[in-house]
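What follows is one structure encoded as C-alpha coordinates, with my remarks underneath.
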Amino acid sequence: REDGGRVQNCGTFGVLQEIFGSISTADGSALVKLGNTTVICGIKAEFAAPPTDAPDKGYVVPNVDLPPLCSSRFRSGPPGEEAQVASQFIADVIENSQIIQKEDLCISPGKLAWVLYCDLICLDYDGNILDACTFALLAALKNVQLPEVTISEETALAEVNLKKKSFLNIRTHPVATSFAVFDDTLLIVDPTGEEEHLATGTLTVVMDEEGKLCCLHKPGGSGLTGAKLQDCMSRAVTRHKEVKKLMDEVVKSMKPK
Amino acid sequence: MRTQYAANTQARAFGRKRWSLLHVGSGVMEGAMRSDAKIRGESGTESSPRGPGCSLRHFACEQNLLSRPDGSASFLQGDTSVLAGVYGPAEVKVSKEIFNKATLEVILRPKIGLPGVAEKSRERLIRNTCEAVVLGTLHPRTSITVVLQVISDAGSLLACCLNAACMALVDAGVPMRSLFCGVTCALDSDGTLMLDPTAKQEKEARAVLTFALDSVERKLLMSTTKGLYSDAELQQCLAAAQAASQHVFRFYRESLQRRYSKS
(Lines give C-alpha, C1' and ligand atoms only; values in the text may rest on other atoms or scores of the structure.)
Protein backbone atom coordinates (compact mmCIF):
# COMPACT_ATOMS: atom_id res chain seq x y z
CA ARG A 1 0.00 0.00 0.00
CA GLU A 2 1.42 3.32 -0.97
CA ASP A 3 0.59 6.71 0.47
CA GLY A 4 -0.03 9.86 -1.44
CA GLY A 5 -3.77 10.33 -1.27
CA ARG A 6 -4.36 8.26 -4.34
CA VAL A 7 -7.06 5.70 -4.68
CA GLN A 8 -5.27 2.42 -4.28
CA ASN A 9 -6.12 -1.07 -5.26
CA CYS A 10 -6.53 -3.38 -2.34
CA GLY A 11 -4.40 -6.05 -4.02
CA THR A 12 -7.12 -8.24 -5.52
CA PHE A 13 -10.51 -7.34 -4.26
CA GLY A 14 -9.65 -10.57 -2.71
CA VAL A 15 -10.44 -13.09 -5.34
CA LEU A 16 -14.00 -12.44 -6.31
CA GLN A 17 -15.66 -15.78 -6.66
CA GLU A 18 -19.23 -16.50 -7.45
CA ILE A 19 -21.06 -19.76 -7.23
CA PHE A 20 -24.51 -19.93 -8.71
CA GLY A 21 -27.30 -22.17 -7.63
CA SER A 22 -25.81 -23.34 -4.36
CA ILE A 23 -29.15 -23.62 -2.56
CA SER A 24 -31.37 -26.18 -4.24
CA THR A 25 -34.55 -25.36 -2.32
CA ALA A 26 -34.48 -21.69 -3.32
CA ASP A 27 -35.68 -20.39 -6.64
CA GLY A 28 -32.40 -18.58 -7.17
CA SER A 29 -29.25 -18.33 -5.17
CA ALA A 30 -25.64 -17.24 -5.28
CA LEU A 31 -22.63 -17.37 -3.01
CA VAL A 32 -20.11 -14.59 -3.29
CA LYS A 33 -16.65 -14.51 -1.75
CA LEU A 34 -14.92 -11.14 -1.73
CA GLY A 35 -11.54 -11.94 -0.21
CA ASN A 36 -12.62 -13.41 3.11
CA THR A 37 -16.06 -11.83 3.22
CA THR A 38 -18.65 -14.42 2.25
CA VAL A 39 -22.29 -13.65 1.57
CA ILE A 40 -24.93 -16.08 0.38
CA CYS A 41 -28.17 -14.88 -1.15
CA GLY A 42 -31.27 -17.04 -1.50
CA ILE A 43 -34.38 -15.90 -3.31
CA LYS A 44 -37.78 -17.45 -2.76
CA ALA A 45 -40.72 -16.51 -4.90
CA GLU A 46 -44.22 -16.60 -3.48
CA PHE A 47 -47.64 -15.34 -4.40
CA ALA A 48 -49.22 -12.25 -2.95
CA ALA A 49 -51.90 -9.72 -3.75
CA PRO A 50 -50.39 -6.62 -5.32
CA PRO A 51 -50.54 -3.36 -3.36
CA THR A 52 -53.76 -1.42 -3.80
CA ASP A 53 -52.01 1.75 -4.90
CA ALA A 54 -50.01 -0.07 -7.59
CA PRO A 55 -52.06 -3.05 -8.77
CA ASP A 56 -49.67 -3.98 -11.55
CA LYS A 57 -46.54 -4.25 -9.46
CA GLY A 58 -44.99 -7.11 -7.53
CA TYR A 59 -42.68 -6.88 -4.53
CA VAL A 60 -38.98 -7.41 -3.95
CA VAL A 61 -38.24 -7.71 -0.24
CA PRO A 62 -34.57 -7.80 0.74
CA ASN A 63 -33.32 -8.76 4.17
CA VAL A 64 -29.71 -8.77 5.29
CA ASP A 65 -28.82 -10.96 8.23
CA LEU A 66 -25.54 -10.69 10.09
CA PRO A 67 -25.59 -13.74 12.37
CA PRO A 68 -23.16 -14.26 15.27
CA LEU A 69 -21.49 -16.86 13.03
CA CYS A 70 -19.83 -14.27 10.86
CA SER A 71 -18.14 -12.13 13.47
CA SER A 72 -17.75 -11.91 17.22
CA ARG A 73 -19.23 -8.46 17.35
CA PHE A 74 -22.75 -9.56 16.48
CA ARG A 75 -25.05 -11.14 19.03
CA SER A 76 -28.08 -13.29 18.37
CA GLY A 77 -31.47 -11.65 18.70
CA PRO A 78 -33.24 -8.92 16.75
CA PRO A 79 -31.28 -7.44 13.85
CA GLY A 80 -28.69 -4.95 15.02
CA GLU A 81 -28.09 -1.53 13.53
CA GLU A 82 -25.52 -2.74 11.01
CA ALA A 83 -27.91 -5.33 9.57
CA GLN A 84 -30.78 -2.85 9.37
CA VAL A 85 -28.64 -0.26 7.61
CA ALA A 86 -27.45 -2.89 5.13
CA SER A 87 -31.05 -4.03 4.47
CA GLN A 88 -32.11 -0.45 3.85
CA PHE A 89 -29.15 0.06 1.54
CA ILE A 90 -30.02 -3.01 -0.56
CA ALA A 91 -33.66 -1.93 -0.71
CA ASP A 92 -32.55 1.49 -1.95
CA VAL A 93 -30.28 -0.04 -4.60
CA ILE A 94 -33.11 -2.22 -5.90
CA GLU A 95 -35.49 0.72 -5.95
CA ASN A 96 -33.12 3.26 -7.49
CA SER A 97 -31.44 1.12 -10.12
CA GLN A 98 -34.66 -0.47 -11.37
CA ILE A 99 -32.80 -3.77 -11.60
CA ILE A 100 -36.12 -5.51 -12.10
CA GLN A 101 -39.17 -3.82 -13.47
CA LYS A 102 -41.77 -4.51 -10.79
CA GLU A 103 -44.40 -4.74 -13.49
CA ASP A 104 -42.67 -7.92 -14.72
CA LEU A 105 -43.55 -9.57 -11.44
CA CYS A 106 -47.25 -9.07 -11.89
CA ILE A 107 -49.29 -12.11 -12.99
CA SER A 108 -52.76 -10.71 -12.93
CA PRO A 109 -53.26 -7.00 -12.20
CA GLY A 110 -55.03 -6.42 -8.94
CA LYS A 111 -55.22 -10.10 -8.06
CA LEU A 112 -51.92 -11.92 -8.10
CA ALA A 113 -48.27 -10.99 -8.23
CA TRP A 114 -44.92 -12.49 -7.37
CA VAL A 115 -43.13 -11.41 -4.28
CA LEU A 116 -39.39 -12.16 -4.22
CA TYR A 117 -37.98 -12.60 -0.74
CA CYS A 118 -34.24 -12.01 -0.99
CA ASP A 119 -32.42 -13.26 2.07
CA LEU A 120 -28.77 -12.29 2.29
CA ILE A 121 -26.83 -14.04 4.99
CA CYS A 122 -23.26 -13.18 5.77
CA LEU A 123 -21.18 -16.24 6.55
CA ASP A 124 -17.88 -14.52 7.13
CA TYR A 125 -17.44 -10.85 7.91
CA ASP A 126 -14.16 -9.29 6.83
CA GLY A 127 -15.30 -5.81 5.87
CA ASN A 128 -17.00 -4.46 2.77
CA ILE A 129 -20.31 -6.11 3.45
CA LEU A 130 -22.27 -3.75 1.20
CA ASP A 131 -20.31 -4.63 -1.94
CA ALA A 132 -20.58 -8.33 -1.28
CA CYS A 133 -24.35 -8.12 -0.65
CA THR A 134 -24.94 -6.18 -3.86
CA PHE A 135 -22.96 -8.74 -5.92
CA ALA A 136 -24.73 -11.63 -4.25
CA LEU A 137 -28.13 -10.09 -4.90
CA LEU A 138 -27.36 -9.41 -8.55
CA ALA A 139 -25.96 -12.89 -9.10
CA ALA A 140 -28.91 -14.55 -7.38
CA LEU A 141 -31.43 -12.55 -9.39
CA LYS A 142 -29.71 -13.67 -12.57
CA ASN A 143 -30.08 -17.21 -11.35
CA VAL A 144 -33.80 -17.03 -10.48
CA GLN A 145 -36.14 -19.07 -12.63
CA LEU A 146 -39.83 -18.41 -12.21
CA PRO A 147 -42.37 -21.01 -13.34
CA GLU A 148 -45.15 -20.00 -15.66
CA VAL A 149 -48.44 -19.19 -13.98
CA THR A 150 -51.83 -19.03 -15.65
CA ILE A 151 -55.11 -18.07 -14.08
CA SER A 152 -57.76 -20.51 -15.21
CA GLU A 153 -61.08 -18.87 -16.02
CA GLU A 154 -63.33 -21.54 -14.48
CA THR A 155 -61.90 -21.78 -11.02
CA ALA A 156 -60.12 -18.40 -10.94
CA LEU A 157 -57.22 -20.19 -9.26
CA ALA A 158 -53.62 -20.01 -10.30
CA GLU A 159 -52.12 -22.96 -12.10
CA VAL A 160 -48.41 -23.29 -11.81
CA ASN A 161 -46.54 -25.05 -14.55
CA LEU A 162 -43.29 -26.19 -13.00
CA LYS A 163 -41.98 -27.64 -16.23
CA LYS A 164 -41.81 -24.28 -17.95
CA LYS A 165 -39.46 -21.88 -16.22
CA SER A 166 -38.06 -18.59 -17.40
CA PHE A 167 -35.33 -16.31 -16.19
CA LEU A 168 -36.04 -12.86 -14.86
CA ASN A 169 -35.52 -9.85 -17.05
CA ILE A 170 -32.55 -8.06 -15.41
CA ARG A 171 -32.45 -4.58 -16.85
CA THR A 172 -29.36 -3.06 -15.29
CA HIS A 173 -26.36 -4.41 -13.43
CA PRO A 174 -25.61 -2.19 -10.46
CA VAL A 175 -22.18 -2.79 -8.98
CA ALA A 176 -21.11 -1.35 -5.63
CA THR A 177 -17.61 -0.12 -4.89
CA SER A 178 -16.67 0.77 -1.33
CA PHE A 179 -13.82 2.94 -0.14
CA ALA A 180 -12.34 3.50 3.28
CA VAL A 181 -11.39 7.13 3.94
CA PHE A 182 -8.48 7.95 6.22
CA ASP A 183 -8.30 11.56 7.39
CA ASP A 184 -9.33 12.80 3.93
CA THR A 185 -5.98 12.04 2.33
CA LEU A 186 -5.96 8.34 1.70
CA LEU A 187 -8.63 6.27 0.08
CA ILE A 188 -8.50 2.48 -0.02
CA VAL A 189 -10.73 0.45 -2.29
CA ASP A 190 -12.45 -2.64 -0.93
CA PRO A 191 -11.41 -2.34 2.71
CA THR A 192 -10.97 -5.41 4.90
CA GLY A 193 -12.47 -5.59 8.36
CA GLU A 194 -9.38 -4.22 10.05
CA GLU A 195 -9.11 -1.29 7.62
CA GLU A 196 -12.77 -0.45 8.07
CA HIS A 197 -12.39 -0.44 11.82
CA LEU A 198 -9.49 1.99 11.68
CA ALA A 199 -10.91 4.20 8.95
CA THR A 200 -12.30 7.63 9.75
CA GLY A 201 -15.04 7.26 7.15
CA THR A 202 -16.43 5.05 4.40
CA LEU A 203 -17.95 5.74 1.00
CA THR A 204 -19.95 3.40 -1.23
CA VAL A 205 -20.70 4.18 -4.87
CA VAL A 206 -23.19 2.06 -6.82
CA MET A 207 -22.87 2.39 -10.56
CA ASP A 208 -24.63 0.74 -13.48
CA GLU A 209 -23.47 0.11 -17.04
CA GLU A 210 -23.99 3.52 -18.53
CA GLY A 211 -22.00 5.21 -15.80
CA LYS A 212 -25.14 6.36 -14.02
CA LEU A 213 -24.99 6.41 -10.27
CA CYS A 214 -27.70 4.63 -8.37
CA CYS A 215 -26.50 5.44 -4.94
CA LEU A 216 -23.77 7.48 -3.28
CA HIS A 217 -23.75 6.35 0.32
CA LYS A 218 -21.41 8.23 2.56
CA PRO A 219 -22.53 7.85 6.16
CA GLY A 220 -20.62 10.67 7.79
CA GLY A 221 -16.93 10.44 8.59
CA SER A 222 -14.19 12.82 7.56
CA GLY A 223 -14.81 15.24 4.73
CA LEU A 224 -14.04 14.70 1.05
CA THR A 225 -13.38 17.27 -1.63
CA GLY A 226 -15.00 17.17 -5.05
CA ALA A 227 -11.74 16.11 -6.69
CA LYS A 228 -11.39 13.05 -4.46
CA LEU A 229 -14.94 12.12 -5.32
CA GLN A 230 -14.01 12.18 -9.00
CA ASP A 231 -11.19 9.69 -8.37
CA CYS A 232 -13.65 7.40 -6.66
CA MET A 233 -16.02 7.60 -9.60
CA SER A 234 -13.38 6.57 -12.12
CA ARG A 235 -12.33 3.68 -9.89
CA ALA A 236 -15.96 2.61 -9.64
CA VAL A 237 -16.22 2.52 -13.43
CA THR A 238 -13.23 0.16 -13.75
CA ARG A 239 -14.60 -2.00 -10.95
CA HIS A 240 -17.92 -2.28 -12.72
CA LYS A 241 -16.22 -3.57 -15.86
CA GLU A 242 -14.26 -6.19 -13.93
CA VAL A 243 -17.30 -7.49 -12.10
CA LYS A 244 -19.45 -7.55 -15.20
CA LYS A 245 -16.81 -9.60 -17.01
CA LEU A 246 -16.65 -12.11 -14.18
CA MET A 247 -20.40 -12.40 -13.99
CA ASP A 248 -20.73 -12.96 -17.73
CA GLU A 249 -18.10 -15.70 -17.58
CA VAL A 250 -19.89 -17.50 -14.78
CA VAL A 251 -23.27 -17.24 -16.51
CA LYS A 252 -21.77 -18.59 -19.72
CA SER A 253 -20.21 -21.51 -17.91
CA MET A 254 -23.63 -22.40 -16.47
CA LYS A 255 -25.49 -22.35 -19.76
CA PRO A 256 -24.94 -25.99 -20.91
CA LYS A 257 -27.28 -27.23 -18.13
CA MET B 1 -15.51 10.16 38.03
CA ARG B 2 -19.20 9.51 38.23
CA THR B 3 -19.89 12.07 40.92
CA GLN B 4 -17.92 14.65 39.01
CA TYR B 5 -20.26 14.35 36.08
CA ALA B 6 -23.30 14.49 38.30
CA ALA B 7 -21.99 17.69 39.83
CA ASN B 8 -21.37 19.14 36.39
CA THR B 9 -24.90 18.50 35.20
CA GLN B 10 -26.30 19.99 38.35
CA ALA B 11 -24.21 23.08 37.94
CA ARG B 12 -25.29 23.41 34.34
CA ALA B 13 -28.92 23.02 35.30
CA PHE B 14 -28.59 25.78 37.83
CA GLY B 15 -26.93 28.01 35.29
CA ARG B 16 -29.67 27.18 32.79
CA LYS B 17 -32.38 28.38 35.13
CA ARG B 18 -30.87 31.82 35.37
CA TRP B 19 -30.20 31.91 31.64
CA SER B 20 -33.77 31.29 30.61
CA LEU B 21 -35.07 33.94 33.01
CA LEU B 22 -32.85 36.53 31.36
CA HIS B 23 -33.84 35.54 27.86
CA VAL B 24 -37.54 35.18 27.93
CA GLY B 25 -38.81 33.57 24.81
CA SER B 26 -35.22 32.66 23.88
CA GLY B 27 -33.90 33.67 20.52
CA VAL B 28 -36.50 33.29 17.87
CA MET B 29 -34.71 33.97 14.67
CA GLU B 30 -36.41 34.72 11.47
CA GLY B 31 -33.92 34.14 8.73
CA ALA B 32 -35.59 35.21 5.55
CA MET B 33 -32.92 33.95 3.23
CA ARG B 34 -34.04 33.97 -0.31
CA SER B 35 -30.75 33.07 -1.82
CA ASP B 36 -30.74 32.87 -5.55
CA ALA B 37 -27.94 30.62 -6.62
CA LYS B 38 -28.99 30.62 -10.24
CA ILE B 39 -28.07 27.54 -12.14
CA ARG B 40 -30.88 27.92 -14.65
CA GLY B 41 -32.61 31.24 -15.07
CA GLU B 42 -35.48 31.80 -12.75
CA SER B 43 -38.81 32.29 -14.41
CA GLY B 44 -41.26 33.27 -11.75
CA THR B 45 -44.31 31.14 -12.31
CA GLU B 46 -47.39 31.80 -10.31
CA SER B 47 -48.33 28.20 -9.75
CA SER B 48 -45.41 27.39 -7.46
CA PRO B 49 -43.96 29.76 -4.90
CA ARG B 50 -40.49 29.19 -6.29
CA GLY B 51 -39.71 29.01 -9.98
CA PRO B 52 -37.31 26.49 -11.51
CA GLY B 53 -34.38 28.48 -10.17
CA CYS B 54 -32.48 27.56 -7.06
CA SER B 55 -33.54 29.32 -3.93
CA LEU B 56 -33.75 27.99 -0.41
CA ARG B 57 -37.01 28.14 1.45
CA HIS B 58 -37.57 30.49 4.32
CA PHE B 59 -35.89 29.21 7.46
CA ALA B 60 -36.25 29.88 11.15
CA CYS B 61 -34.50 28.55 14.21
CA GLU B 62 -35.34 28.68 17.88
CA GLN B 63 -32.88 27.62 20.57
CA ASN B 64 -33.10 26.73 24.22
CA LEU B 65 -36.81 26.08 24.13
CA LEU B 66 -36.88 22.87 26.22
CA SER B 67 -35.95 22.88 29.89
CA ARG B 68 -34.77 19.33 30.49
CA PRO B 69 -32.23 18.67 27.72
CA ASP B 70 -28.87 20.35 27.99
CA GLY B 71 -29.41 21.89 24.57
CA SER B 72 -32.37 22.09 22.27
CA ALA B 73 -33.27 23.67 18.98
CA SER B 74 -36.16 23.77 16.60
CA PHE B 75 -35.38 24.23 12.94
CA LEU B 76 -37.94 25.17 10.30
CA GLN B 77 -37.36 25.03 6.57
CA GLY B 78 -40.47 26.15 4.75
CA ASP B 79 -43.09 23.81 6.22
CA THR B 80 -40.67 21.13 7.38
CA SER B 81 -39.99 21.35 11.07
CA VAL B 82 -37.76 19.26 13.35
CA LEU B 83 -37.21 19.57 17.10
CA ALA B 84 -33.84 18.44 18.48
CA GLY B 85 -32.70 17.90 22.05
CA VAL B 86 -29.17 17.11 23.22
CA TYR B 87 -28.26 15.43 26.50
CA GLY B 88 -24.62 15.37 27.33
CA PRO B 89 -21.90 14.83 28.12
CA ALA B 90 -23.59 12.49 30.59
CA GLU B 91 -23.09 9.08 32.14
CA VAL B 92 -22.78 6.13 29.82
CA LYS B 93 -23.63 2.45 30.27
CA VAL B 94 -20.53 0.36 30.79
CA SER B 95 -21.40 -1.80 27.78
CA LYS B 96 -21.43 1.23 25.49
CA GLU B 97 -18.46 2.96 26.99
CA ILE B 98 -15.54 3.94 24.74
CA PHE B 99 -12.37 4.48 26.72
CA ASN B 100 -10.96 7.46 24.85
CA LYS B 101 -13.93 9.35 23.49
CA ALA B 102 -17.58 10.16 23.95
CA THR B 103 -20.26 7.74 22.76
CA LEU B 104 -22.63 9.55 20.45
CA GLU B 105 -26.18 8.32 20.09
CA VAL B 106 -28.91 9.62 17.82
CA ILE B 107 -32.61 8.83 18.17
CA LEU B 108 -34.94 9.87 15.38
CA ARG B 109 -38.66 9.70 15.95
CA PRO B 110 -40.98 9.94 12.95
CA LYS B 111 -44.14 12.00 13.17
CA ILE B 112 -46.45 8.97 13.11
CA GLY B 113 -45.85 5.30 13.68
CA LEU B 114 -42.99 3.44 15.31
CA PRO B 115 -39.43 3.96 14.19
CA GLY B 116 -38.50 1.42 11.51
CA VAL B 117 -35.51 0.37 9.44
CA ALA B 118 -35.47 3.62 7.43
CA GLU B 119 -35.20 5.63 10.66
CA LYS B 120 -32.33 3.40 11.81
CA SER B 121 -30.52 4.10 8.56
CA ARG B 122 -31.03 7.87 8.96
CA GLU B 123 -29.93 7.74 12.58
CA ARG B 124 -26.70 6.10 11.47
CA LEU B 125 -26.13 8.83 8.86
CA ILE B 126 -26.72 11.65 11.36
CA ARG B 127 -24.67 9.94 14.03
CA ASN B 128 -21.66 9.45 11.80
CA THR B 129 -21.86 13.06 10.65
CA CYS B 130 -21.94 14.31 14.24
CA GLU B 131 -19.11 11.97 15.22
CA ALA B 132 -16.89 13.47 12.56
CA VAL B 133 -17.49 16.95 13.91
CA VAL B 134 -17.84 16.60 17.68
CA LEU B 135 -14.58 16.58 19.65
CA GLY B 136 -15.37 13.38 21.51
CA THR B 137 -11.87 12.97 22.86
CA LEU B 138 -12.42 15.87 25.26
CA HIS B 139 -15.08 13.86 27.08
CA PRO B 140 -14.01 10.23 27.28
CA ARG B 141 -16.33 7.64 28.79
CA THR B 142 -19.38 9.85 28.51
CA SER B 143 -22.40 9.78 26.28
CA ILE B 144 -23.87 12.51 24.12
CA THR B 145 -27.44 11.77 23.01
CA VAL B 146 -29.19 13.69 20.25
CA VAL B 147 -32.93 13.16 20.10
CA LEU B 148 -34.79 14.36 17.00
CA GLN B 149 -38.53 14.57 16.69
CA VAL B 150 -40.14 15.23 13.32
CA ILE B 151 -42.89 17.80 13.79
CA SER B 152 -43.88 18.17 10.16
CA ASP B 153 -42.48 16.84 6.93
CA ALA B 154 -42.82 18.86 3.75
CA GLY B 155 -39.68 17.79 1.89
CA SER B 156 -35.92 17.94 2.67
CA LEU B 157 -36.44 16.17 5.97
CA LEU B 158 -32.94 14.77 6.45
CA ALA B 159 -31.34 18.17 5.79
CA CYS B 160 -33.64 19.79 8.33
CA CYS B 161 -32.75 17.08 10.89
CA LEU B 162 -29.05 17.76 10.36
CA ASN B 163 -29.51 21.49 10.80
CA ALA B 164 -31.57 21.04 13.94
CA ALA B 165 -28.98 18.63 15.37
CA CYS B 166 -26.18 21.10 14.72
CA MET B 167 -28.02 23.99 16.38
CA ALA B 168 -28.91 21.83 19.36
CA LEU B 169 -25.29 20.71 19.78
CA VAL B 170 -24.21 24.35 19.74
CA ASP B 171 -26.88 25.20 22.29
CA ALA B 172 -25.68 22.41 24.57
CA GLY B 173 -22.13 23.69 24.39
CA VAL B 174 -20.69 20.44 23.05
CA PRO B 175 -17.20 21.15 21.66
CA MET B 176 -17.11 20.78 17.89
CA ARG B 177 -14.37 21.25 15.31
CA SER B 178 -16.74 22.88 12.82
CA LEU B 179 -20.43 23.38 12.20
CA PHE B 180 -22.30 21.35 9.62
CA CYS B 181 -25.42 21.84 7.59
CA GLY B 182 -27.67 19.72 5.43
CA VAL B 183 -28.71 20.66 1.89
CA THR B 184 -31.04 18.71 -0.40
CA CYS B 185 -30.99 18.85 -4.21
CA ALA B 186 -33.56 17.39 -6.52
CA LEU B 187 -33.01 16.64 -10.19
CA ASP B 188 -36.07 16.37 -12.36
CA SER B 189 -36.44 14.45 -15.61
CA ASP B 190 -34.90 17.15 -17.83
CA GLY B 191 -31.93 17.73 -15.55
CA THR B 192 -33.07 20.92 -13.84
CA LEU B 193 -31.62 21.38 -10.39
CA MET B 194 -33.83 22.38 -7.48
CA LEU B 195 -32.48 23.14 -4.04
CA ASP B 196 -34.46 22.43 -0.91
CA PRO B 197 -37.35 20.68 -2.69
CA THR B 198 -40.85 20.42 -1.26
CA ALA B 199 -42.48 17.02 -0.78
CA LYS B 200 -44.27 17.31 -4.11
CA GLN B 201 -41.07 18.21 -5.97
CA GLU B 202 -39.26 15.30 -4.31
CA LYS B 203 -41.86 12.83 -5.48
CA GLU B 204 -41.78 14.07 -9.05
CA ALA B 205 -37.99 14.30 -9.20
CA ARG B 206 -35.83 11.75 -10.95
CA ALA B 207 -33.17 11.92 -8.23
CA VAL B 208 -32.95 13.45 -4.77
CA LEU B 209 -29.50 14.01 -3.25
CA THR B 210 -28.87 15.08 0.34
CA PHE B 211 -25.45 16.35 1.41
CA ALA B 212 -23.98 17.37 4.74
CA LEU B 213 -21.22 19.93 4.40
CA ASP B 214 -18.83 21.27 7.00
CA SER B 215 -18.37 24.96 7.65
CA VAL B 216 -14.58 25.25 7.49
CA GLU B 217 -13.78 24.03 4.00
CA ARG B 218 -17.20 23.00 2.63
CA LYS B 219 -16.08 19.42 2.46
CA LEU B 220 -18.56 16.65 1.95
CA LEU B 221 -19.26 14.95 5.27
CA MET B 222 -22.25 12.85 4.40
CA SER B 223 -24.21 12.05 1.32
CA THR B 224 -27.21 9.90 0.59
CA THR B 225 -29.03 9.73 -2.69
CA LYS B 226 -32.14 8.32 -4.24
CA GLY B 227 -32.68 7.72 -7.96
CA LEU B 228 -30.44 7.59 -11.01
CA TYR B 229 -28.13 10.39 -12.08
CA SER B 230 -24.83 10.85 -13.88
CA ASP B 231 -21.42 11.77 -12.56
CA ALA B 232 -21.52 15.28 -14.07
CA GLU B 233 -24.89 15.94 -12.44
CA LEU B 234 -23.44 14.85 -9.12
CA GLN B 235 -20.64 17.41 -9.38
CA GLN B 236 -23.16 20.08 -10.36
CA CYS B 237 -25.38 19.31 -7.38
CA LEU B 238 -22.40 19.28 -5.06
CA ALA B 239 -21.27 22.71 -6.29
CA ALA B 240 -24.80 24.10 -5.88
CA ALA B 241 -25.04 22.62 -2.40
CA GLN B 242 -21.72 24.16 -1.42
CA ALA B 243 -22.93 27.57 -2.59
CA ALA B 244 -26.21 27.17 -0.70
CA SER B 245 -24.44 26.05 2.47
CA GLN B 246 -22.83 29.48 2.68
CA HIS B 247 -26.24 30.99 3.23
CA VAL B 248 -27.12 28.44 5.88
CA PHE B 249 -23.88 29.08 7.75
CA ARG B 250 -24.45 32.83 7.52
CA PHE B 251 -27.89 32.26 9.02
CA TYR B 252 -26.40 30.21 11.88
CA ARG B 253 -23.88 32.94 12.60
CA GLU B 254 -26.47 35.72 12.62
CA SER B 255 -28.83 33.67 14.73
CA LEU B 256 -26.17 33.00 17.34
CA GLN B 257 -24.91 36.59 17.27
CA ARG B 258 -28.38 37.89 17.90
CA ARG B 259 -28.91 35.47 20.72
CA TYR B 260 -25.73 36.22 22.59
CA SER B 261 -25.81 39.97 21.97
CA LYS B 262 -29.07 40.31 23.92
CA SER B 263 -27.11 40.23 27.15
Side-chain angles (χ1 to χ4, degrees), chain A residues 61-64 75 78-93 95-99 171-172 174 181 183-184 199-234 236-237, chain B residues 95 104-106 115-134 158 162 165 177-178 180 182 185 187 206-242:
Chain A
V61 181
N63 182 40
V64 176
R75 302 254 185 285
E81 198 206 349
E82 180 109 31
Q84 290 194 39
V85 169
S87 300
Q88 184 64 31
F89 176 79
I90 299 289
D92 285 340
V93 168
E95 174 79 39
N96 293 344
S97 63
Q98 300 279 302
I99 187 174
R171 291 167 62 227
T172 56
V181 183
D183 283 339
D184 45 277
T200 52
T202 55
L203 167 68
T204 306
V205 178
V206 182
M207 213 179 239
D208 73 359
E209 289 102 16
E210 299 139 27
K212 291 224 157 211
L213 291 152
C214 315
C215 184
L216 176 67
H217 181 79
K218 183 183 191 300
S222 43
L224 273 183
T225 54
K228 281 279 153 58
L229 221 58
Q230 269 304 108
D231 287 342
C232 297
M233 294 304 151
S234 36
V237 171
Chain B
S95 55
L104 206 75
E105 213 180 289
V106 174
V117 183
E119 271 71 40
K120 255 295 184 296
S121 178
R122 291 208 187 113
E123 280 172 15
R124 154 76 77 93
L125 294 172
I126 299 172
R127 193 186 80 225
N128 285 15
T129 315
C130 293
E131 266 177 12
V133 163
V134 164
L158 187 58
L162 283 162
R177 61 169 61 90
S178 74
F180 59 92
C185 293
L187 283 165
R206 165 167 57 98
V208 178
L209 299 91
T210 306
F211 300 111
L213 301 162
D214 92 304
S215 63
V216 180
E217 282 171 41
R218 310 272 179 281
K219 280 202 189 154
L220 178 66
L221 287 175
M222 185 279 288
S223 100
T224 182
T225 66
K226 203 167 81 127
L228 276 173
Y229 49 96
S230 74
D231 191 14
E233 285 169 344
L234 170 69
Q235 295 295 338
Q236 215 187 357
C237 289
L238 191 54
Q242 282 172 332

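Protein chains get the first letters and strands the later ones, always in sequence-line order, with residue 1 at the start of each. Just so you know, these numbers use all the heavy atoms, side chains as well, and skip hydrogens, waters and symmetry mates.
Side-chain atoms of B:Ser215 do not come within 3.5 Å of backbone N or O of B:Ser178 as any donor-acceptor pair. Checked by atom type and distance alone, the side chain of B:Glu119 pairs as donor or acceptor with a backbone atom of B:Gly116 at under 3.5 Å. Looking only at distances, no side-chain donor or acceptor of A:Ser87 sits under 3.5 Å from a matching main-chain atom of A:Pro62.
Heavy atoms closer than 4.5 Å to chain A are found in the side chain of B:Arg206, but not in its backbone. For chain A, the nearby part of B:Leu238 is the side chain; its heavy atoms alone come within less than 4.5 Å. Residue B:Ala118 touches chain A through both its backbone and its side chain, counting heavy-atom pairs closer than 4.5 Å.
Considering only heavy-atom pairs separated by less than 4.5 Å from chain A, the leading option among B:Gly227, B:Ala132, B:Ser230 is B:Gly227. Most heavy-atom pairs under 4.5 Å with chain B, from the set A:Gly221, A:Ala91, A:Cys215, A:Ser97: that is A:Gly221. Ranked by heavy-atom pairs shorter than 4.5 Å toward chain A, the options B:Asp214, B:Leu234, B:Ile126 are led by B:Leu234. Between chain A and the options B:Glu131, B:Arg218, B:Arg127, B:Glu123, heavy-atom pairs under 4.5 Å are most frequent for B:Arg127. The most heavy-atom pairs under 4.5 Å with chain B, out of A:Met207, A:Glu82, A:Gln230, come from A:Gln230.
Classification of A:Lys212 and A:Glu210 as a salt-bridged pair fails, no side-chain N sitting under 4.0 Å from a carboxylate O.
Screening B:Arg124, B:Lys120, B:Arg122 against A:Glu81 for a salt bridge (Lys or Arg N to Asp or Glu O under 4.0 Å) leaves a single residue, B:Arg124.
To the nearest 0.5 angstrom, A:Asp92 atom CG is 6.5 Å from B:Thr224 atom OG1.
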